[in-house]
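Here is the naming used below: chain letters follow the sequence lines, and residue numbers restart at 1 for every chain.
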Amino acid sequence: MTDIWARKSYFLTLFCEHILISFLALFLVTILGISIGVLVFYSKRSRAIILPLVNFLYTIPSIAMFGLLIPLVGIGFNNAIIVLVLYGLLPIVRNTYTGIKEVPHQYINAARGLGSTKKQIFFKIYFPLALPSILSGLRVTTVMVIALTGLAALIGAGGLGQAIFRGLNTMNTDLIVAGSLGISLFAILGDKFIGQFEKDAKLQRIISGNASIKTKIKIFTNIFVLLLLLITSFSFLNPQYKSDNNTITIASKPTSEQFILGEILAQQIENNTNIHVIRKFGIGGGTTNIHPALLSGDIDAYVEYTGTAIMNVLKYNYSDLGNKSLEILYSEYEKRYNLEWLGLLGFNNTYAIAISEQEANNKRITTCSDLVPYSSNYIFGAEFDFFERPDAYNGLIKVYPFKFHKLSEMDINLRYKAMEEAKVQVIDAFTTDAQIEALNLKILKDDKNFFPSYKAGIVVRKDILRKYPKLKSILILLNNSINTNEMRKMNYEVEINKKSPKQVAKNFLENNINK
Amino acid sequence: MNDLAAIKIRDINFAYNEEQIFTNYSLNISEGSFVCITGESGCGKSTLLKLINGLLIPQRGEIKIGNNLLNLKHLVEMRRNMGYILQEDSLFPHLTAYQNMIYCLKLRNYSNQLSKDRINELLPLVNLDSEILNKFPHQLSGGQRQRVGIIRGIVHKPQIVLMDEPFSALDQETRSNLQDLVKTIHKSTKTTFVMVTHSISEAKYLGTEIINL
């Protein structure tokens with residue numbers, strides 16, 4: 001936990017982001033939700049359309065909703081707010097509608113009979129009497145929105161969820177625990193806060209104009225504290241640089257390696273220019289979400305892998321391109337997307353087949369072909385993806401006719417655990433995985449060149465290169481500076497030795513680039 | 001008693017869904033009278049009151065309040081010249097006794113001072129202590145609630161007061177106290193009262209006219 005204390009300014013930033021995103025979403029959803037609830041009460045026709053629609057929105061898995069909105073509004077803050085608002089609607093709309101509907105009829109009869117106008121009936125009778133129900137809906141929404149803001153980190157909007165994802169992707173349990181506890185605590189406080197308005201009908205008393213002085217003081221103190229918190233958060237994050245033109249946004253996928261590479265890029269720019277770097281690290285869905293954001297200008301640069309770019313972005317069949325693949329990659333990126341590859345960083349993070357060093361030595365296995373005759377003795381473990389992709393298992397067994405004793409599908413992060421517990425003897429690995437070193441594994445040589453190359457390189461928007469003429473010369477200093485061993489070592493530093501990607505990147509730059 | 005009609009009902013038809021309640025029904029209620037409407041439950045006593053108040057609209061025929069035809073356009077304005085007293089559970093639960101009493105004054109944006117003066121004038125009339133003013137309905141007894149309800153119904157000096165079984169949920173003693181009180185108010189204000197009750201003895205005691213539906 002000393003590690004967490006050292007990161008306190010990181011957490012403070014995440015907390016401030018979390019509170020601002022949650023609050024804005026809650027503020028909007030409250031206004032929108034109550035308005036829709038009222039509309040639905042008065043208009044039978046809209047009820048038949050809106051209630052099922054709101055219900056439907058609630059059933060879309062939240063992760064999918066973030067993803068679905070990317071083509072429309074891009075990644076980041078706006079996307080997060082829209083998703084949170086759409087999700088939070090149901091409890092408020094429902095509770096507003098039923099709260100109004102269930103106001104006992106004798107009160108409405110009395111109010112009408114005494115000569116109230118429709119508007120007076122709403123504001124003097126319906127609304128105050130429905131308020132307890134509306135507030136209990138708002139409580140549910142508050143807890144939900146605060147918790148769901150945890151997912152906003154997936155689309156680069158920040159918040160405490162970022163700590164959780166960073167922890168998950170770099171195998172840092174402390175970060176996961178701290179992020180989760182932070183969100184839980186925050187949700188509990190949010191629930192208590194709204195509960196204050198609900199308790200003893202405090203808000204109802206205030207809007208009916210019959211609250212005691214004590215109640216008023218309590219409520220206004222609460223609101224004051226909230227405002228103070230919001231203003232502090234806002235000024236702490238100091239988002240004035242967003243309006244400042246002198247910025248560049250660097251993204252990363254959600255892996256240790258990408259966090260490190262993102263930091264290396266960011267620090268290299270910060271050390272050598274006065275450009276302000278905005279970090280959008282750990283974007284869920286990786287290339288699928290980063291590439292569109294790069295095209296829309298939400299992101300300016302990130303590190304991509306050649307294999308992914310050729311197959312997933314350009315949609316080429318890798319083996320068709322032969323040794324022209326790099327040439328085609330560079331020119332297609334420029335032609336189709338106006339993006340530039342600045343060259344390659346040096347290492348190749350490709351698929352590989354791994355077995356224990358001991359077993360390899362005993363049986364004298366050094367290549368994939370060597371493994372074939374022994375394969376029926378082993379259980380093979382890999383992530384779900386590996387069995388699904390054409391460039392993975394299905395293609396692999398055509399080139400190397402493995403006949404494994406059994407196949408075991410598991411989550412990507414569990415392969416090494418299974419290896420350690422001897423539940424499997426052969427796994428697929430990425431060549432830069434830290435665990436290869438930690439568990440003393442042997443990477444078998446791909447002697448028939450089956451696996452595509454996944455060489456890392458920096459991709460940048462061309463307009464950014466024009467805007468900052470110095471940028472290119474600074475970034476190409478990183479080319480060919482990281483070999484596969486070096487990358488694996490840095491991953492090891494983060495995942496096994498629990499150093500922060502920031503620190504590892506700093507050490508790398510000090511020792512290798514800015515000597 | 002003079003012969004000017006405060007309420008004129010002429011040839012009205014009214015039905016709830018399929019159930020015909022009134023067919024070619026006519027009734028004149030003269031100004032300053034205390035009319036009690038009695039009858040079996042389901043005979044349309046409360047319906048008649050709601051028709052006079054415009055909470056229900058007859059399918060045929062017309063109703064005149066004074067010289068004005070009751071119609072949808074002027075409904076709110078016409079209701080403001082009537083008082084409406086229901087059972088004691090109709091006080092607004094989120095408003096204090098005082099706020100309930102001045103409800104009709106607030107609808108017309110009376111100043112706070114005028115409202116306060118008017119309540120101070122009415123409190124002794126219904127035997128209520130000013131201590132109860134800041135209490136909420138659930139903190140009052142049934143009798144106190146109905147006294148508050150009476151003030152709510154007459155605070156704006158209406159020309160007609162409509163009462164829908166106002167005392168039916170109260171015990172005998174409270175009930176006869178309130179009957180005396182209403183009788184006194186009627187005498188002192190000369191307002192037209194129309195009261196629905198299922199109790200013949202109450203109708204005989206209070207009414208200057210009894211209509212059995």
Checklist line | Geometric class of the A:Y126/A:F122 ring pair [parallel <30°, tilted 30-60°, perpendicular >60°] | finding: tilted
Check: Would you call the rings of B:Y16 and B:F14 parallel, tilted or perpendicular if under 30° counts as parallel and over 60° as perpendicular?
Finding: perpendicular
Notebook entry, point to check: Which bit of B:D89 is near chain A, if near means a heavy-atom gap under 4.5 Å: side chain, backbone, both or neither?
Noted result: both
Margin query: Does any part of the side chain of A:K118, heavy atoms only, come nearer than 4.5 Å to the side chain of B:V76, both counted from C-beta?
Written below: no
Note to self: Please output the residues of residues 46-54 of chain B in contact with chain A, using a heavy-atom cutoff of under 4.5 Å, in numerical order.
What the structure shows: B:K50, B:N53
Check: Between B:S90, B:G153, B:G83, which residue shows the highest count of heavy-atom pairs closer than 4.5 Å to chain A?
Finding: B:S90
Next item on the list: Find out whether A:K218 and A:T215 are in side-chain contact, i.e. whether some heavy atom of one side chain is under 4.5 Å from a heavy atom of the other.
Entry: no
Check: Quick one: what part of A:K124 sits under 4.5 Å from any heavy atom of chain B, side chain, backbone, both or neither?
Finding: both
Next item on the list: Please confirm whether B:R152 makes a cation-pi placement over B:F92, using NZ or CZ under 6.0 Å from the six-membered ring centre and within 45° of the ring normal.
Entry: yes
Item checked: Expected output: side-chain A:T96 to main-chain A:I134 donor-acceptor under 3.5 Å -> no
Item checked: Segment of B:L86 engaging chain A (4.5 angstrom heavy-atom cut-off) -> side chain
Next item on the list: Look at atom CZ of B:R10 and say whether more than 12 heavy atoms of other residues, nucleotides or ligands are closer to it than 6.0 Å.
Entry: no
Check: Got A:P132 and A:Q204 here, is their nearest side-chain heavy-atom distance under 4.5 Å?
Finding: yes
Check: Top residue by heavy-atom pair count (under 4.5 Å) with chain A, among B:M78, B:E77, B:R79?
Finding: B:R79
Note to self: More than 12 heavy atoms of other residues, nucleotides or ligands under 6.0 Å from CG of A:L227: yes or no?
What the structure shows: yes
Notebook entry, point to check: Is there side-chain contact between A:F197 and A:L131, with at least one heavy-atom pair below 4.5 Å?
Noted result: no
Next item on the list: Write out, in numerical order, the residues from residues 102-117 of chain A with a heavy atom short of 4.5 Å from a heavy atom in chain B.
Entry: A:Q106, A:Y107, A:N109, A:A110, A:A111, A:R112, A:G113, A:L114, A:G115, A:S116, A:T117
Notebook entry, point to check: Given a strict heavy-atom distance threshold of 4.5 Å, which part of B:L91 is in contact with chain A: side chain, backbone, both, or neither?
Noted result: backbone
Next item on the list: Check whether the ring centres of A:F15 and A:F186 lie less than 6.0 Å apart, and answer yes or no.
Entry: yes
Notebook entry, point to check: Where does A:I125 contact chain B at under 4.5 Å (heavy atoms): side chain, backbone, both or neither?
Noted result: both
Item checked: Contact check, side chains of B:L133 and B:L123, non-hydrogen atoms, under 4.5 Å -> yes
Notebook entry, point to check: Is there side-chain contact between A:L90 and A:L57, with heavy atoms separated by less than 4.5 Å?
Noted result: no
Check: With distance as the sole test, does B:R145 use its side chain to make a donor-acceptor pair with the main-chain N or O of B:L140 at under 3.5 Å?
Finding: yes
Next item on the list: Could you list the residues that satisfy side-chain contact (heavy atoms from CB on, under 4.5 Å) with A:I81, not counting sequence neighbours?
Entry: A:I21, A:L24, A:A25, A:L28, A:F77, A:V85
Checklist line | A:S208 (side chain) donor-acceptor with A:R205 (main chain) under 3.5 angstrom | finding: no
Next item on the list: Could you tell me which residues in residues 97-114 of chain B have at least one non-hydrogen atom under 4.5 Å from a non-hydrogen atom of chain A, sorted by residue number?
Entry: B:Q99, B:Y103, B:C104, B:K106, B:L107
